[in-house]
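The structure displayed is predicted, hence computed values, not measured ones. For ligands, and for the atoms within them, numbers begin at 1 and follow the listed sequence. Values below: all heavy atoms of this structure, side chains included; hydrogens, waters and symmetry mates excluded.
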Amino acid sequence: MAYLLTLLCLSVYAIKDVQSLHMYVTNNGPAVVGSKITFTAVVTDYNSEYLKYSFYDNAQPQHQNSYINSTGIMKWTVEYPRSLYEAGEYTVTVYLMQDYSGFWIHETSNSTTFNLTASLNGKLKLSQSDQLRPNKYVAVNQPVSHYVELPDNEIEFLKRNASRVVTYWFIDCALIDQTTDFSLNYTYTDLLGDHYIEALVVADNEPLPPLTTTTTTTTTTTTTTTTTTTTTTTTTTPTPKPQSSSLSPVNLTNDTLPVHKLVRRAISNKTTKDSPANFVCYNTSIVPIGNKYTYGHYQETIKVAEPVSTINISGLNWLQHGDLLRLHVKYSGTPPFQYCVQYKVGQYNVTGNETCNTMSQTNSTEFPLIHYFSGSDQHTVVVIIQNLVTKNVTRATINIYKVTVHAQLSVIVVPVVFCLLAVILVVFGIAYYQHRSRYTIEVADFDFGQAYLDYKTFSERLRDSFRNAFNFRQDDTDPLSSNTRYNSMT
Ligand SMILES: *[C@@H]1O[C@H](CO)[C@@H](O)[C@H](O)[C@H]1NC(C)=O
Ligand SMILES: *[C@@H]1O[C@H](CO)[C@@H](O)[C@H](O)[C@H]1NC(C)=O
Ligand SMILES: *[C@@H]1O[C@H](CO)[C@@H](O)[C@H](O)[C@H]1NC(C)=O
Ligand SMILES: *[C@@H]1O[C@H](CO)[C@@H](O)[C@H](O)[C@H]1NC(C)=O
Ligand SMILES: *[C@@H]1O[C@H](CO)[C@@H](O)[C@H](O)[C@H]1NC(C)=O
Ligand SMILES: *[C@@H]1O[C@H](CO)[C@@H](O)[C@H](O)[C@H]1NC(C)=O
Ligand SMILES: *[C@@H]1O[C@H](CO)[C@@H](O)[C@H](O)[C@H]1NC(C)=O
Ligand SMILES: *[C@@H]1O[C@H](CO)[C@@H](O)[C@H](O)[C@H]1NC(C)=O
Ligand SMILES: *[C@@H]1O[C@H](CO)[C@@H](O)[C@H](O)[C@H]1NC(C)=O
Ligand SMILES: *[C@@H]1O[C@H](CO)[C@@H](O)[C@H](O)[C@H]1NC(C)=O
Ligand SMILES: *[C@@H]1O[C@H](CO)[C@@H](O)[C@H](O)[C@H]1NC(C)=O
Ligand SMILES: *[C@@H]1O[C@H](CO)[C@@H](O)[C@H](O)[C@H]1NC(C)=O
């Protein structure tokens, strides 16, 4: 009998083991007291059976609730009103039960811890050109959007239970502006190192009552005494000429700047104490502290830097095939710089989001670019330079021309042409001389012939004339025989 029971138990445990579930619980905290917190239980490997989720927190008064559902995810949202709960760390435990033929059998449990905080959570964020700054650097002379990003549940709380929310913005302890949208646009125009940014979010759950302030303009007491006396109590007015002002969005000026000091001191004494800017800022005072307000204090030390700009790529961009590309890249901006170069075949339009796996580091505002292109084509050199504030992508188009075409022209064609010219000159020269000598011979012959002929005719004529004179007798050689007869006559 006992044997059977153990067997039964073992088999039950075996079944349970097979079906054992795992659950984890998360929350969307931390959140300021007054907010709602949502807890999420997730069963990872459930088998579509009905599950019972029982939620408990360890706050006083305690919250608890149970849900039966067939889904593997169950959410539980709890509100912690400011009137009932204090800031602190709390735990929520979830018990998971599974249905075994009408019986809820405990499967597993898990828990999550969360913090209810006295002041608002969230972060101070900076963005420039609609892009979130990934670091503490901002570009000079470009508007910086500062904004406080609160968790959803705190925004919901403020909407539900705050008639007005004002954010006071301080830069280097000077009140710059107060806004109702948690944001500030500001342009830094100097490169003089760091700036200490503070945002003070003040939400009033009811219309704000006037708050007593003391200003630096009341000079009868030292600032030190003013500080100590006013920190202790809200309503004390230790100086003879106290001025009244309210923490409303209505013209808070640098005169009422002390408001900020004490608010800050009261709400986050320990967080700001170490900041050197804190001591600079500490000179006066008031304490607008009470349960009617919800505060958020955010601070950041930022650095202003010059973006990478005026990129100038110089050098030859018409290259003979086989020649090395030698370019010089010059730019301005705040070091250190990171750069890389990409070589693309053909025309390439930069998108601006080109990236390299590895980038060279430099503090110099120039670098040389030497590259060998194996192909003879058009290429685009894409130069990516970035510093801590911006990234700039520029390009240069490189044209490579075939060396051989030009070599034939200059090295072969020209000499060949000149050789041909020389040959032609020589040939023509010889031909000319030959022609000329032939011509002169011919002329000489001709002249000679003609002269000879002329001379001949002339001499002939002469002779003829002479002969004419004597020719009859001479002609009559036969009658010459009768010359004796003429002689005899003369
Ligand atoms: C409880 O949740 C954690 C993760 O949040 C997990 O590592 C752990 O195994 C869970 N415990 C049980 C009993 O499921
Ligand atoms: C289970 O949860 C879902 C969503 O949370 C809900 O729509 C559904 O009605 C629940 N089922 C039961 C039986 O409660
Ligand atoms: C709650 O706040 C305390 C003190 O700031 C911190 O040590 C703890 O880690 C926080 N707990 C959670 C769950 O964030
Ligand atoms: C709003 O805040 C006031 C003051 O803390 C509190 O009395 C009131 O209960 C809050 N209302 C809600 C809805 O949380
Ligand atoms: C801040 O600048 C952004 C864009 O640059 C603009 O949308 C926003 O309205 C500005 N806010 C204020 C308060 O001027
Ligand atoms: C404050 O603003 C109000 C109107 O909003 C104006 O009437 C008043 O003169 C201002 N005070 C100062 C000191 O600027
Ligand atoms: C406060 O002083 C700073 C610098 O002195 C100035 O830039 C700023 O505009 C002033 N703010 C107000 C609200 O007068
Ligand atoms: C803030 O710190 C000062 C000394 O640094 C101390 O006198 C004061 O009591 C503190 N205030 C609070 C609210 O803790
Ligand atoms: C990159 O630098 C050029 C000048 O070299 C400038 O015209 C351009 O606007 C810069 N681009 C970016 C995204 O800053
Ligand atoms: C680059 O841009 C110009 C003008 O926008 C366009 O005509 C050209 O086709 C583009 N080239 C490439 C390779 O996309
Ligand atoms: C770069 O931007 C273009 C459009 O501008 C987009 O098509 C491309 O996917 C982006 N590339 C990277 C690596 O983000
Ligand atoms: C650039 O300068 C900084 C500070 O002078 C130095 O720490 C860093 O090593 C330098 N980087 C390079 C690549 O020279």
| query | With a cut-off of 4.0 Å, which atoms of ligand 10 are near a heavy atom of N349? | reply | 1 (C), 2 (O), 3 (C), 8 (C), 10 (C), 11 (N), 12 (C), 14 (O)

| task | Using a strict cut-off of 4.0 Å, indicate which atoms of ligand 10 neighbour a heavy atom of Q347. | result | 13 (C)

| ligand 9-proximal atoms of I311, by part, heavy-atom distance under 4.0 Å | both

Between [Y] and [X], is there a side-chain donor-acceptor contact under 3.5 Å, judged purely by atom types and distance?
X    : Y    : value
T351 : N353 : yes
Q60  : Y90  : no
S66  : S54  : yes
T112 : N27  : yes
D57  : Y80  : yes

| message | Below 3.5 Å, N or O to N or O, backbone or side chain included: is there any such pair between T394 and ligand 9? | response | no

| field | ring-ring contact (aromatic ring centres under 6.0 Å, His included) partner of H195, chosen from W169, F170, Y188 | value | Y188

| Would you say atom 7 (O) of ligand 12 has a protein heavy atom nearer than 4.0 Å? | no

Tell me: protein heavy atom nearest [atom], and distance?
atom                    : answer
atom 1 (C) of ligand 12 : N363 ND2, 1.4 Å
atom 11 (N) of ligand 9 : N392 ND2, 2.9 Å
atom 13 (C) of ligand 9 : K391 O, 4.0 Å

| Where the side chain of N392 meets the backbone of S309, is there a donor-acceptor pair that is under 3.5 Å apart? | no

| query | Closer than 4.0 angstrom: is that true for some heavy atom of T310 and an atom of ligand 9? | reply | yes

